[in-house]
Student: 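Encoded as structure tokens, here's the structure I'll be asking about.
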Amino acid sequence: MENKIKVRFAPSPTGPFHIGGARSALFNWLVAKHTGGTFLVRIEDTDLARSSRESEENIKEAMKWLGLNWDEGIDVGGDNGPYRQKERLDIYKKEVQRLIDEGKAYYCYCTEEELQKEREEQLAEGKTPVYGGHCRHLTPEQVEEYKKEGRKPVVRLVVPTDKVYAFDDMVRGHVEFQSSGVGDFIIMKSDGIPVYNFAVVIDDALMGVTDVIRAEEHLSNTPRQLAIYEALGYKVPRFGHISLILGSDHKKMSKRHGATSVQAYRDMGYLPDAMVNYLALLGWAPKGEQELFTREELIKEFSMDRVSSNDAVFDIEKLNWINFQYMKKLTAPELLDFVMPFLEKAGYVTLPLSDEKRDWLEKVVWYVRDHLYFGQQVVENVKPFFEEPAPVEDAEIKAIIDAEDSHKILAAYAEALKALPEFNEDSIKKCFKAVMKETGIKGKAAFEPVRIALTGQTQGPGLYTMIELLGLEETEKRLNRF
């Protein structure tokens with residue numbers, strides 16, 4: 001049991017759950033599932049000004065929607081709680097005091113103005129700006145003087161000046177940092193709140209995390225964390241820093257590239273299995289050419305040694321293609337249930353539905369399914385079944401509908417449909433062929449006016465199925481409008 005892998009996902013609840021965070025959570029989840037390890041989730045909420053329970057709930061709900069359930073942590077419990085940093089302050093303070101008692105940390109009374117002046121002088125000399133250690137050897141008298149001035153101290157860690165912090169990253173290989181570029185950094189602020197690097201080390205160590213898989217932006221934090229591990233005498237975990245997710249312009253993904261939160265994609269009608277499948281491919285290269293994976297296949301195939309250090313580009317077209325494949329697997333009842341919220345929001349349906357209305361809706365949604373890349377698109381695609389087409393304004397379409405042959409075919413077809421003994425796709429098709437033969441109007445000259453009269457468009461899915469679903473009364477009314 002000692003060698004059992006334990007990974008964690010530790011989001012800061014400062015906003016909606018970002019796609020990048022979801023990808024990090026997924027990689028950790030897959031590693032845990034693949035190895036039979038433990039997936040832990042805790043909340044890093046020491047940024048008191050920006051953290052909120054609303055954001056925390058958003059993150060948890062998004063993870064549950066994606067199916068990334070965790071084995072230990074927030075809401076689930078375990079032997080290493082509490083699992084919110086804000087509730088662990090006493091643990092951090094105890095460890096800070098231990099470091100001070102052991103001479104590995106010290107109180108620093110320097111003001112922001114003094115630190116800024118030091119930074120400017122170092123930059124002017126072409127040096128890397130690091131804290132010079134002014135407060136490392138203060139006398140009791142100096143400390144008393146600072147206290148009289150009302151200065152509130154921070155706590156800094158003693159960092160060796162001639163050390164190399166090195167580790168083998170699961171994604172990036174061997175990485176080294178010189179301690180001379182680190183300096184004695186702050187581990188606890190003057191208000192008693194630990195800095196991120198200090199809290200995260202203590203949490204990972206005390207919670208038994210063996211593998212830290214996180215975003216590339218945390219790579220620069222690693223030397224500070226290694227210094228803290230060493231000072232506290234904790235075992236150092238394995239690290240893996242996964243690449244950034246870029247937008248289509250190869251710049252860091254942001255709102256200008258479209259939706260960036262998991263909730264936004266959920267609201268647009270993407271399926272969780274499709275999102276998981278797509279996110280797994282952002283930075284991970286499976287063997288062979290396979291692109292569609294069940295969760296079981298992902299768990300079986302996933303490994304960190306096939307995760308690339310190159311930045312991943314978020315391709316909405318690829319996501320749409322994958323989601324389209326998953327939507328095609330839904331049965332007619334499942335597809336209707338999936339898109340029902342969008343139909344309700346558009347005002348097209350009101351629940352509860354009669355059996356007859358539900359049966360009709362299933363057929364309508366099934367009819368447009370080849371045009372649905374995500375659920376929200378159902379509204380535009382079923383619109384012709386709920387709204388008459390708007391007056392024609394497009395010059396080309398107007399020219400088609402105003403043609404003499406168009407009036408002729410519309411009038412003949414409207415009249416012929418009324419005489420049908422039964423109104424189904426087969427009889428509708430035979431009727432149209434008979435009308436074309438009778439009028440001598442064929443091909444586009446026959447089809448386009450009918451479709452324009454029914455939908456306002458010149459193209460779309462099968463015409464005969466649409467007419468059957470619209471019904472005789474509605475079809476006749478629309479044909480006669482022109």
Side-chain angles (χ1 to χ4, degrees), residues 7-33 38-78 80-88 203 207 213-215 242 245 253-255 257-280 282 294-295 298-299 314 316 319-320 322-323 326-327 330 334 337-345 351 374-376 378:
V7 292
R8 51 75 165 175
F9 179 60
S12 298
T14 56
F17 193 33
H18 192 274
I19 284 292
R23 197 264 309 253
S24 294
L26 173 61
F27 280 19
N28 277 281
W29 183 83
L30 286 171
V31 165
K33 295 297 179 186
T38 301
F39 179 45
L40 178 149
V41 172
R42 65 169 187 263
I43 301 297
E44 297 187 342
D45 58 353
T46 50
D47 185 342
L48 303 181
R50 295 171 63 221
S51 295
S52 72
R53 279 298 176 93
E54 182 185 3
S55 292
E56 180 186 318
E57 291 305 316
N58 177 276
I59 292 167
K60 291 187 295 190
E61 280 305 308
M63 288 185 67
K64 290 172 186 174
W65 177 71
L66 288 169
L68 306 183
N69 298 315
W70 50 100
D71 308 300
E72 179 187 344
I74 196 75
D75 294 350
V76 173
N80 304 290
Y83 294 99
R84 286 189 191 90
Q85 285 187 336
K86 208 159 50 180
E87 297 166 9
R88 297 173 62 81
D203 290 345
M207 293 179 187
I213 301 163
R214 57 190 180 184
I242 55 182
I245 297 178
M253 191 179 176
S254 65
K255 287 180 180 176
H257 298 111
T260 59
S261 72
V262 173
Q263 185 65 45
Y265 286 96
R266 182 181 183 179
D267 290 345
M268 285 190 284
Y270 287 84
L271 289 160
D273 285 348
M275 287 298 298
V276 164
N277 191 153
Y278 178 67
L279 289 174
L282 284 179
T294 64
R295 286 173 191 265
L298 282 175
I299 290 167
F314 191 91
I316 189 66
L319 170 59
N320 285 345
I322 289 176
N323 199 65
Y326 277 83
M327 286 186 71
L330 299 177
E334 287 171 340
D337 288 340
F338 180 60
V339 301
M340 190 70 82
F342 302 105
L343 298 176
E344 275 191 276
K345 190 174 180 182
L351 297 180
F374 50 92
Q376 199 174 58
V378 75

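Here the structure is a predicted model, which is why all the values come from computation and not from measurement.
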Student: Is the distance between the ring centroids of Phe27 and Phe9 under 6.0 Å?
Tutor: no
Student: Whether the side chain of Arg23 engages the backbone of Leu282 through a donor-acceptor N/O pair (distance < 3.5 Å, no angle test) should be reported.
Tutor: yes
Student: Judged by atom type as modelled, is there a donor-acceptor pair below 3.5 Å linking the side chain of Asn28 to the main-chain atoms of Val7?
Tutor: no
Student: Is it true that atom NZ of Lys64 has more than 12 heavy atoms of other residues, nucleotides or ligands lying nearer than 6.0 Å?
Tutor: yes
Student: Measure the shortest side-chain to side-chain distance between Phe338 and Glu334 over non-hydrogen atoms and say whether it is less than 4.5 angstrom.
Tutor: no
Student: One thing to verify: whether Arg8 and Glu72 come together as a salt bridge, which I'm taking to mean a side-chain N less than 4.0 angstrom from a carboxylate O.
Tutor: no
Student: Please round to the nearest 0.5 Å and tell me the distance separating atom CG of Leu26 and atom CZ of Arg295.
Tutor: 8.5 Å
Student: Where do Tyr326 and Thr294 come nearest, in terms of heavy atoms and distance?
Tutor: OH-N, 4.5 Å
Student: Roughly how far, to the nearest 0.5 Å, is CD1 of Ile74 from CH2 of Trp70?
Tutor: 8.5 Å
Student: Going by side chain to side chain contact (heavy atoms under 4.5 Å, CB included), name the residues that satisfy it together with Ser51, two or more places apart in sequence or in a different chain.
Tutor: Pro13, Thr14, Asp45, Asp47
Student: Quick one: CG on Leu66 to OH on Tyr270, what's the gap to the nearest 0.5 Å?
Tutor: 14.0 Å
Student: With the side chain counted from C-beta on, respond yes when Leu298 and Lys33 share a heavy-atom pair under 4.5 Å apart, and no when they do not.
Tutor: no
Student: Is there a side-chain contact between Phe374 and Phe342, using heavy atoms and a 4.5 Å cut-off?
Tutor: no
Student: What I want to check is whether the side chains of Asp267 and Gln263 have a donor and an acceptor closer together than 3.5 Å.
Tutor: yes
Student: I need the minimum non-hydrogen distance between Ala62 and Phe17, along with the two atoms involved.
Tutor: CB-CD2, 3.4 Å
Student: Atom OG in Ser261, atom CD1 in Ile59: separation rounded to 0.5 Å?
Tutor: 11.0 Å
Student: Could you pull out the closest heavy-atom pair between Arg53 and Glu87, with the gap in Å?
Tutor: NH2-OE2, 4.0 Å
Student: Find out whether Ser52 and Glu54 are in side-chain contact, i.e. whether some heavy atom of one side chain is under 4.5 Å from a heavy atom of the other.
Tutor: yes
Student: Where do Asn69 and Phe39 come nearest, in terms of heavy atoms and distance?
Tutor: O-CD2, 3.7 Å
Student: Starting at CZ of Arg214, measure out to OG of Ser24 and round the result to the nearest 0.5 Å.
Tutor: 10.5 Å
Student: Tell me, do Leu40 and Met207 make a side-chain contact under 4.5 Å, heavy atoms counted?
Tutor: yes
Student: How close do Ala274 and Ile322 get, counting heavy atoms only, and between which atoms?
Tutor: O-CG2, 3.8 Å
Student: Identify the heavy atoms of Ala25 and Met63 that sit nearest to each other, and give their distance.
Tutor: CB-CE, 4.1 Å
Student: To the nearest 0.5 Å, what is the distance between CG on Leu330 and CG on Asp337?
Tutor: 9.5 Å
Student: For a quick check under 3.5 Å, do Asn323 and Tyr265 share a side-chain donor-acceptor pair by atom type?
Tutor: no
